[in-house]
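All residue numbers refer to positions in the sequence shown, counting from 1.
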Amino acid sequence: MRQGKTLLVLVALVAAALTSTAAVAAPPAPVGPRSLGIPLQDVLMIGGTVGSLPDGRRVIWSAVSGTPAYLNAVDTSTGTPLLSVPLTGASGAYGVEQAPDGSLYVGTYGTGRLYRLAPGATQAEDLGVPIAGEAYVWNIVVAPDGTVYGGTSPGGKVFSWSPTTKTFRDFGTMAPGQTYVKSIAYSHGKIYAGALASWIVTELDPATGAKRQLPMPPGIGDPTSKVVNDLRAYGDFLYAREQTGPGPLRVYDVTAGAWTDTVESAAGLDVTPPGPDGRVWFFRQFEAGSSELIAYDPITHAQQRTGLKAYGRVVNTRGIGWDGDAVVGLFWRGLMFRYDTSTGQSSTLRTTVAGQPTPVLALASGAPGTVYAGGFLQGGVATVSTADGKTTYNRFSQVESLMPTSRGLVIGAYPSARIYRYDEAKPWYSSEYSDEATQGTANPVKLLDLESHVQSRPQGLAEVPGKIVSGSTPSGDTLGGSLSVIDARTGKVDRIIDDFVTDEGITAMAAGKHGIVYGATSVAGGLSTTPPTQESATIFAYDVFRNRKLWEVNPSATVTTISAVAVDSRNRLWAVVDGDVLELDPATGRTIRTFDTFVGHSAAAQLALDESRTTLYALVGGTKVVLVDTNKKTWRPLLDQPALRMVYNAGELIFARDAELIAWQVPKR
């Protein structure tokens with residue numbers, strides 16, 4: 001009897017203890033979401049054309065990238081926006097053309113749709129996706145009968161849209177192995193499609209569907225290292241510009257079937273229709289940092305300089321044409337220019353076209369209460385207060401990565417995998433991204449440019465004592481990323497190691513102890529146009545001081561991209577692979593344990609450590625956040641938050657969801 005009573009008491013005590021323990025152990029829930037607003041907003045005009053409103057007023061039609069994109073009509077005399085139409089579902093447009101009946105057509109990226117703005121309408125009609133599976137509509141052109149033609153990716157196809165039957169037609173892939181039709185033109189009943197991954201111009205007969213490739217221009221060299229970025233056709237001449245920056249403009253006589261001339265260092269994206277004397281007008285770079293409007297005669301090959309200059313690293317006209325005797329157009333940041341061919345007088349005018357929200361591509365945690373955001377496409381760098389969302393915005397390139405250091409904010413910029421450093425104690429000034437003549441001292445300062453190494457996106461940044469380490473992914477139709485080491489004090493480049501992991505690009509980096517950095521890779525090429533040679537993504541270790549790769553492993557036989565690595569306070573290495581959080585041995589790369597945190601397969605992942613560097617937050621699949629106690633080796637679900645980027649700052653997780661920053665307060669442990 002006594003033993004039974006004792007047993008009952010013990011059971012009751014254990015149950016009470018378990019109940020009490022469970023109650024104490026239940027963690028408080030995160031508090032949020034709290035919007036910090038939109039830190040990045042700017043004007044970026046890519047597609048444009050000079051045309052008219054129904055009442056005859058001359059305007060420049062231009063699409064402003066954003067969330068969503070907007071189609072604008074800008075008065076060619078005053079620069080005043082006369083109409084602004086949202087392109088719901090689109091992020092921007094490379095192709096804007098006006099048809100003979102006054103309709104405006106816009107080929108967009110984001111979801112790869114074609115839009116039509118009817119004459120006099122104030123809302124755009126969504127005509128749909130021209131070809132299922134094609135995510136981008138690049139450039140478009142309108143034939144004299146009103147038929148719209150456009151180029152796409154990732155299938156490298158050409159489509160048409162008939163305003164009569166209101167139907168699309170798929171003409172198929174233009175060139176075998178080419179996944180982009182970046183540029184397109186129309187002449188004498190034929191369509192000309194320019195490839196992006198290689199120099200290939202395909203002539204398409206839309207009546208029969210027959211295709212043939214034009215001959216290579218003389219002296220072009222290796223066509224696999226070139227792209228056909230821009231095409232225009234007027235009369236008997238086709239104008240084809242190489243590269244994405246200033247490059248050779250090739251002139252092709254479509255009746256003679258021969259390339260007849262090359263104009264060096266032509267800036268894009270456009271060439272005017274011929275004037276009364278048969279000459280066309282475009283910008284050409286004569287010196288670094290600026291370009292000048294010139295007239296060009298395709299028969300005599302004579303050029304006339306005008307003195308009208310445009311400034312910046314990228315000088316591209318987003319729509320250039322005629323308003324009476326004047327050549328008019330817009331540059332990509334909304335500056336309008338006008339050149340009177342009869343008097344030689346020129347002027348520029350800042351338009352008031354509204355900027356649009358910029359998707360956040362890069363996010364970094366600074367001092368408590370401060371985060372940094374970098375923009376996609378429109379670009380820009382913003383310093384954001386997490387207390388109230390107050391933002392300081394600076395115009396810049398597309399930003400792939402950010403890393404605060406004691407010597408300044410390190411910025412990884414696209415394209416050419418460029419690395420800059422910004423001294424926050426001094427005024428921001430970038431002549432590369434200003435459309436005015438140079439008038440200040442460069443800040444940020446460029447430390448690295450990997451254009452000659454065929455690199456594109458510096459997605460990985462890490463810092464070890466005295467050194468900045470960058471990892472990049474390739475550009476164009478290539479495979480293999482580069483690892484670069486920069487002296488943090490002088491800003492000089494110590495070394496560049498190309499194809500650091502065979503045929504794989506570097507997507508993420510983290511610094512450990514004793515000068516060791518860890519990185520992750522993707523097997524994909526620059527444009528995903530070249531089939532990978534490697535089957536699975538890699539995690540590696542590199543000794544910066546000894547300039548030696550220590551090891552590389554493939555944690556999964558099937559995963560092709562790993563995008564997050566981190567090192568905690570005890571130098572333990574963590575990664576997200578296929579939606580699972582892995583702990584790896586920093587000495588060998590061997591997987592020590594796997595937390596099966598996410599059902600499904602996704603390359604999207606982010607890792608962030610708290611101030612003690614013992615609590616690890618993992619954003620897996622771009623939607624779910626889990627908390628990992630790196631000491632106890634346990635994990636639990638924390639919250640759901642769709643996002644592209646995530647950082648930890650002063651007790652909060654900050655997320656980038658498209659153009660907006662969102663904060664969640666996380667419980668202290």
Side-chain angles (χ1 to χ4, degrees), residues 25-34 36 360 362-373 384 386 401-404 460-462 507-512 518 520 539 562-584 592-600 602-657 660-669:
V31 178
R34 177 172 65 91
L36 297 179
V360 176
L363 193 63
S365 180
T370 300
V371 295
Y372 301 94
V384 185
T386 61
S401 54
L402 294 164
M403 183 177 69
L461 286 174
T507 54
M509 298 190 79
Y518 303 92
I539 294 178
I562 300 172
S563 55
V565 290
V567 179
D568 69 17
S569 62
R570 296 187 180 180
N571 204 45
R572 292 171 293 214
L573 178 60
W574 300 86
V576 180
V577 179
D578 198 23
D580 298 332
V581 178
L582 272 58
E583 182 188 355
L584 299 96
I592 296 173
R593 62 178 44 81
T594 299
F595 296 137
D596 188 6
T597 57
F598 184 67
V599 177
S602 175
Q606 293 277 279
L607 289 172
L609 286 154
D610 70 354
E611 50 272 286
S612 70
R613 302 188 68 80
T614 59
T615 299
L616 179 71
Y617 300 95
L619 172 65
V620 291
T623 57
K624 298 180 182 296
V625 180
V626 300
L627 182 153
V628 177
D629 186 319
T630 62
N631 288 332
K632 294 180 179 179
K633 308 300 175 65
T634 59
W635 73 275
R636 64 180 174 86
L638 186 65
L639 59 91
D640 288 354
Q641 175 62 64
L644 178 66
R645 298 286 183 259
M646 176 191 72
V647 295
Y648 175 92
N649 184 276
E652 290 188 308
L653 290 174
I654 312 298
F655 298 89
R657 182 180 183 182
E660 183 183 19
L661 293 186
I662 297 168
W664 283 80
Q665 184 178 357
V666 291
K668 293 183 179 181
R669 299 180 60 254

K.L.:
Answer yes or no: is there a side-chain heavy-atom contact under 4.5 Å between Y617 and L653?
P.N.:
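SC-SC contact between Y617 and L653 confirmed.
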K.L.:
Taking side chain to side chain contact (heavy atoms under 4.5 Å, CB included) as the definition, give me every residue that meets it alongside A575, ordered by chain and number, with sequence neighbours left out.
P.N.:
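A575: side chain to side chain contact (heavy atoms under 4.5 Å, CB included) contacts with I539, V565, V577, L584.
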K.L.:
Applying side chain to side chain contact (heavy atoms under 4.5 Å, CB included), can you list everything that pairs with T386, at least two apart in sequence or on another chain?
P.N.:
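Here the qualifying residues are L36, V371, N649, E652, I654.
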K.L.:
Could you pull out all residues at least two apart from A656 that satisfy side chain to side chain contact (heavy atoms under 4.5 Å, CB included)?
P.N.:
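A656 satisfies side chain to side chain contact (heavy atoms under 4.5 Å, CB included) with V360, L363, R645, L661 only.
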K.L.:
Kindly compute the distance separating CG (L644) from CZ (R657), expressed to the nearest 0.5 Å.
P.N.:
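If I round to the nearest 0.5 Å, the distance is 12.0 Å.
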K.L.:
Please name the pair of heavy atoms, one in L607 and one in A618, separated by the smallest distance, quoted to 0.1 Å.
P.N.:
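For L607 versus A618, the nearest heavy atoms are CD2-CB, 3.6 Å.
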K.L.:
Is D610 reaching over with its side chain to a backbone N or O of S612, donor-acceptor style, under 3.5 angstrom?
P.N.:
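Yes; judged by distance alone, with no hydrogens or angles, the pair exists.
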K.L.:
Rounded to the nearest 0.5 Å, what's the gap from OG on S569 to CG on L609? Could you check?
P.N.:
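Rounded to the nearest 0.5 Å, the OG-CG separation comes to 8.0 Å.
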K.L.:
Which pair of heavy atoms, one from A510 and one from A566, lies closest together, and at what distance?
P.N.:
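Closest heavy-atom pair between A510 and A566: CB-CA, 3.9 Å.
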K.L.:
What is the minimum heavy-atom distance between E611 and A650, and which atoms define it?
P.N.:
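Scanning both residues completely, I find the closest heavy atoms to be OE1-CA, 4.3 Å.
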K.L.:
So among L573, L616, I592, which one has a side chain to side chain contact (heavy atoms under 4.5 Å, CB included) with E583?
P.N.:
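Exactly one option meets the side chain to side chain contact (heavy atoms under 4.5 Å, CB included) with E583, and it is I592.
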K.L.:
Let me see the working for V581 and W635 under side-chain contact (heavy atoms from CB on, under 4.5 Å), right down to the final yes or no.
P.N.:
CA-CA 9 Å; V581 178; W635 73 275; over 6 Å; no
K.L.:
Does any part of the side chain of L638, heavy atoms only, come nearer than 4.5 Å to the side chain of R636, both counted from C-beta?
P.N.:
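With C-beta onward as the side chain, the pair touches.
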K.L.:
Is a side-chain donor or acceptor of S401 paired with a backbone partner of G460 at a separation under 3.5 angstrom?
P.N.:
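Not at all, since once roles are kept as given, no pair shorter than 3.5 Å links the two residues.
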K.L.:
Could you report the tightest heavy-atom contact between Q606 and S563, atom names first, then the distance?
P.N.:
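Looking at all heavy atoms of both residues, the closest pair is NE2-O, 4.5 Å.
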K.L.:
Output yes when a side-chain donor or acceptor of S365 lies under 3.5 Å from a complementary backbone atom of Y648, and no otherwise.
P.N.:
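Yes, the answer is positive, given that a donor and an acceptor are paired below the 3.5 Å cut-off.
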K.L.:
Main chain of T614, side chain of T630: is a donor-acceptor contact present, judged purely on distance under 3.5 Å?
P.N.:
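Indeed, once roles are kept as given, a pair shorter than 3.5 Å links the two residues.
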K.L.:
Report the relative orientation of the aromatic rings in W574 and F595; use parallel for angles under 30°, tilted for 30 to 60°, perpendicular for over 60°.
P.N.:
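Rings of W574 and F595: parallel, under 30°.
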K.L.:
Indicate yes or no for a side-chain donor-acceptor contact from T597 to the backbone of G579 under 3.5 Å, with no hydrogens or angles considered.
P.N.:
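Such a contact is found between T597 side chain and G579 backbone.
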K.L.:
Can you sort out the partners of R613 under salt bridge (Lys or Arg N to Asp or Glu O under 4.0 Å), two or more places apart, ordered by chain and number?
P.N.:
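With neighbours one apart ignored, the set is empty.
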K.L.:
I'd like to check the salt bridge (Lys or Arg N to Asp or Glu O under 4.0 Å) partners of D596; sequence neighbours left out, ordered by chain and number.
P.N.:
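In terms of salt bridge (Lys or Arg N to Asp or Glu O under 4.0 Å), with neighbours along the sequence ignored, D596 is linked to no residue.
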K.L.:
Write out all pairs satisfying salt bridge (charged side-chain N to carboxylate O under 4.0 Å, His left out) with one or both partners inside residues 562-572, taking only residues at least two apart or from two chains.
P.N.:
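Qualifying pairs: D568-R572.
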K.L.:
For A462 versus M509, what's the shortest heavy-atom pair and its separation?
P.N.:
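A462 and M509 have their closest heavy atoms at CB-CB, 4.1 Å.
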K.L.:
To the nearest 0.5 Å, what is the distance between CZ (R593) and CG (D580)?
P.N.:
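Here the interatomic distance stands at 14.0 Å.
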